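The next block holds one structure in the form of structure tokens; read it before the comments.
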There are 2 protein chains.
Amino acid sequence: MAGQRDEGGEVVTGTPTAPGADRVAAPRVAVEDTGSAGAAPAEQVAETAEPTARERARAIPEAAVARLAIYLRVLSGLVEQGVNTISSEELASAAGVNSAKLRKDLSYIGSYGTRGVGYDVEVLVGQIERILGLTRKHSVCVVGIGNLGHALANYGGFPGRGFPVAALFDVDPDLIGVPVGGIPVDHVDDIPRVVAEREISIGVIATPPPAAQEVCDRLVAAGVQCILNFAPVVLQVPDDVEVRKVDLAVEMQILSFHVARRADEAAEAAAEGADLSDVDGVVMRR
Amino acid sequence: MAGQRDEGGEVVTGTPTAPGADRVAAPRVAVEDTGSAGAAPAEQVAETAEPTARERARAIPEAAVARLAIYLRVLSGLVEQGVNTISSEELASAAGVNSAKLRKDLSYIGSYGTRGVGYDVEVLVGQIERILGLTRKHSVCVVGIGNLGHALANYGGFPGRGFPVAALFDVDPDLIGVPVGGIPVDHVDDIPRVVAEREISIGVIATPPPAAQEVCDRLVAAGVQCILNFAPVVLQVPDDVEVRKVDLAVEMQILSFHVARRADEAAEAAAEGADLSDVDGVVMRR
DNA sequence: AGTTGTGAACTAGTTCACAGCT
DNA sequence: AGCTGTGAACTAGTTCACAACT
């Protein structure tokens with residue numbers, strides 16, 4: 001019975017060129033279009049149209065990927081409760097989506113259900129983990145050990161297993177060497193070495209805004225291709241780097257927008273329906 | 001070059017869990033849907049087609065709202081730098097979107113640009129603030145004063161101004177009364193009283209997963225209609241409550257998916273294009 | 001009978017491209 | 001000459017509705 005809203009978040013896959021040459025801007029070469037970027041020798045390989053297993057993964061809509069992660073969490077809970085089988089209707093309601101969407105999402109990863117019965121919980125867990133790439137380990141580093149960085153480091157091994165925090169970085173000399181959540185903080189200057197040594201594939205930026213872009217550049221230079229950015233800044237990265245951001249200010253402002261919209265609606269309703277027993281004029285409900 | 005992707009959100013503010021029921025749905029009835037089917041003659045009031053200021057706000061796509069918040073941040077930076085005017089092209093690039101999208105987004109809030117010139121930075125700041133409801137104060141409470149709760153409380157007055165943290169709650173007796181970021185922690189049992197007294201309109205949930213739903217219920221019962229949820233749980237709320245979530249696990253897993261996809265593509269490319277010289281490393285193009 | 005998997009229809013969101021104003 | 005604002009075209013995502021299967 002609930003209205004639920006799911007936030008995507010923003011995926012920023014590459015942006016204009018180098019950080020320095022900011023306003024160069026060749027005339028708008030649209031997104032991924034045909035053009036082989038300028039001098040790049042990159043030629044478009046033969047564009048085969050056969051849907052291999054790999055193609056399949058590529059074809060999963062971004063929005064569905066986010067939901068698969070949620071289904072996985074719900075399913076993991078079910079495994080622990082000893083549930084073996086579940087229908088799309090049940091799983092959907094536990095995940096806060098409707099069943100058609102759930103089935104469509106699951107169909108992107110294959111056909112693992114049994115008609116008339118439902119889905120085998122363990123099978124589904126396995127398949128979603130496979131698609132999400134959770135069968136391999138992804139070491140994470142956190143840059144910026146302030147309030148938030150501390151909190152993140154202390155989660156000790158991010159969300160569940162599979163995302164061990166393998167390094168922490170900061171610029172503050174007083175912090176270097178100090179263990180937080182069991183891991184000693186390194187200096188950001190050591191990013192190249194440490195990232196390589198510990199095979200870090202995901203970088204988390206929790207620095208103050210002014211430092212974020214430079215930290216990002218360093219991570220990218222060190223080979224990190226996936227970044228989770230908590231700093232309220234729009235990062236500029238090359239095309240082959242994936243950035244997701246978590247932006248408190250934006251979230252709060254979106255909520256604020258809804259508060260305002262709601263108030264306006266109430267005012268409007270009150271204005272015309274002054275006669276109606278407005279009842280739910282203000283807050284209330286339940 | 002500029003590959004950019006922006007993911008909006010899913011809008012299910014009033015999902016009637018009843019699968020068949022709806023379907024009538026005149027254009028926008030929305031939000032306060034059929035719920036009170038019986039008594040209240042939810043007459044469609046005069047279906048005026050005039051775009052009042054209010055109507056306008058309602059019509060802004062969710063995805064655009066999120067971006068407006070980003071434009072606002074960029075613009076605020078420009079104000080400080082003393083910039084007076086900016087073109088859609090420039091602002092777009094600073095915000096990491098393309099100019100057509102930016103202009104379309106701004107058009108939802110009105111026409112404040114000057115053809116041949118651009119936008120007046122201060123005017124735009126004012127208008128976006130107005131639309132996002134930032135002209136009023138939105139008091140916030142944080143429930144769950146663990147690592148994350150601490151970090152949030154210490155931001156002291158959330159993102160910029162406008163979102164003062166007015167209360168903190170926890171269940172731990174050792175925490176009650178202890179000031180964090182200047183605010184003494186109250187017991188969750190006091191949610192009803194404190195929320196009312198301090199006119200809190202936004203609740204932030206930073207509790208462990210098992211406690212999240214109950215805390216949410218309490219906040220809702222206390223009249224909070226907007227919730228930002230950090231707990232990895234799908235909250236069930238009534239239709240008139242807006243929930244946004246920040247889910248670390250999901251973010252990490254989406255990144256993991258992209259790492260995997262990338263690796264697959266690389267493998268694939270290597271498989272067929274073994275002859276090609278391009279070899280410039282991993283992946284390219286999307 | 002019961003439930004999945006999926007084309008087809010629909011809705012939301014993005015980009016194009018250009019008329020219209022300064 | 002330049003830049004905004006926006007209909008129209010397009011793309012992505014969601015929901016419907018039902019055939020296919022157990």
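By convention in this document, chain letters (A, B, ...) are assigned in the order of the sequence lines, proteins followed by strands, and residues within each chain are numbered from 1. In this text the structure is predicted, and so the values were computed from the model without any measurement.
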Problem - Paired stretches of DNA chain C - 3 or more consecutive Watson-Crick or G-U pairs, each distance under 3.5 Å - result: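 If one scans DNA chain C for consecutive Watson-Crick or G-U pairs, the stems found are C:1-22 with D:1-22.
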
Rounded to whole angstroms, how far apart are [atom1] on [X] and [atom2] on [N]?
X      : N      : atom1 : atom2 : value
B:N98  : C:dT14 : CG    : C1'   : 8 Å
A:D120 : C:dT3  : CG    : C1'   : 15 Å
A:R67  : D:dG13 : CZ    : P     : 9 Å
B:E89  : C:dC16 : CD    : P     : 11 Å
B:Y112 : D:dG5  : OH    : P     : 10 Å
A:K101 : C:dA12 : NZ    : P     : 12 Å
B:Y119 : C:dC21 : OH    : P     : 16 Å
A:L124 : C:dT4  : CG    : C1'   : 12 Å

Practice task
List in chain and number order the residues that pass side-chain contact (heavy atoms from CB on, under 4.5 Å) with B:A64, two or more places apart in sequence or in another chain; answer none if no residue qualifies.
Solution key: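 Counting only residues at least two positions away or on another chain, B:A64 forms a side-chain contact (heavy atoms from CB on, under 4.5 Å) with B:I60, B:P61, B:R67, B:D105, B:Y108.
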
Exercise for the section: Under the side-chain contact (heavy atoms from CB on, under 4.5 Å) rule, collect the residues that match up with B:A212, sequence neighbours excluded. Expected result: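 B:A212 satisfies side-chain contact (heavy atoms from CB on, under 4.5 Å) with B:I205, B:T207, B:A231, B:V233, B:L235 only.
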
Problem - From C:dG13, D:dC3, C:dG5, nucleotide with atom closest to B:A63 side chain - result: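 That would be C:dG13.
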
Handout entry: Side chain proximity check, B:R262 to A:E242, heavy atoms < 4.5 angstrom
Key =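 Contact flag for B:R262/A:E242 side chains = yes.
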
Problem - Any A:L228 side-chain heavy atom under 4.5 Å of A:V246 side chain - result: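 A side-chain contact exists here, since the closest heavy-atom pair is under 4.5 Å.
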
Practice task
Kindly say if A:S88 contacts the phosphate of C:dT4, meaning a side-chain N or O under 4.0 Å from OP1 or OP2.
Solution key: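 The answer is yes; a side-chain N or O of A:S88 sits under 4.0 Å from OP1 or OP2.
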
So which protein nitrogen or oxygen atoms get under 3.5 Å of nucleotides 19-21 of chain D's nitrogens or oxygens?
{"unit_1": "D:dA20", "atom_1": "N3", "unit_2": "A:R115", "atom_2": "NH1", "d": "2.7"}

Exercise for the section: Sequence neighbours left out, what pairs pass side-chain hydrogen bond (donor to acceptor under 3.5 Å, both in side chains) with at least one residue falling in residues 116-128 of chain A? Expected result: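 Sorted result for residues 116-128 of chain A: A:Y112-A:Q127, A:Q127-A:R130.
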
Practice task
Among residues two or more places apart or on two chains, list those pairs meeting salt bridge (charged side-chain N to carboxylate O under 4.0 Å, His left out) that have a residue in residues 71-80 of chain A.
Solution key: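 Passing the test, one end in residues 71-80 of chain A: A:R73-B:D247.
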
Handout entry: Backbone N/O of B:V117 and side chain of B:T114: donor-acceptor pair under 3.5 Å
Key =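 No; judged by distance alone, with no hydrogens or angles, the pair does not exist.
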
Exercise for the section: Taking B:S256 for its side chain and B:M252 for its backbone only, find out whether a donor-acceptor pair lies under 3.5 Å. Expected result: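 Judged by distance alone, no pair lies under 3.5 Å.
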
Exercise for the section: For B:V117 and for B:A100, find the nucleotide of DNA chain D with the closest heavy atom, then tell me which residue's nucleotide is more 5'. Expected result: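 The 5'-side residue here is B:V117.
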
Exercise for the section: Nearest-nucleotide wise, let me know which of A:T114 and A:D105 is further upstream toward the 5' end of DNA chain D. Expected result: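 Taking each residue's closest nucleotide, the earlier one in sequence belongs to A:D105.
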
Exercise for the section: Carefully, step by step, assess A:V241 and A:V243 under the rule side chain to side chain contact (heavy atoms under 4.5 Å, CB included). Expected result: CA-CA 6 Å; A:V241 173; A:V243 175; 4.3 Å; yes

Problem - Pairwise 5' ranking along DNA chain C for A:G118 and A:K104, keeping only the more 5' one - result: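 First, find each residue's nearest nucleotide; the 5'-ward one identifies A:G118.
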
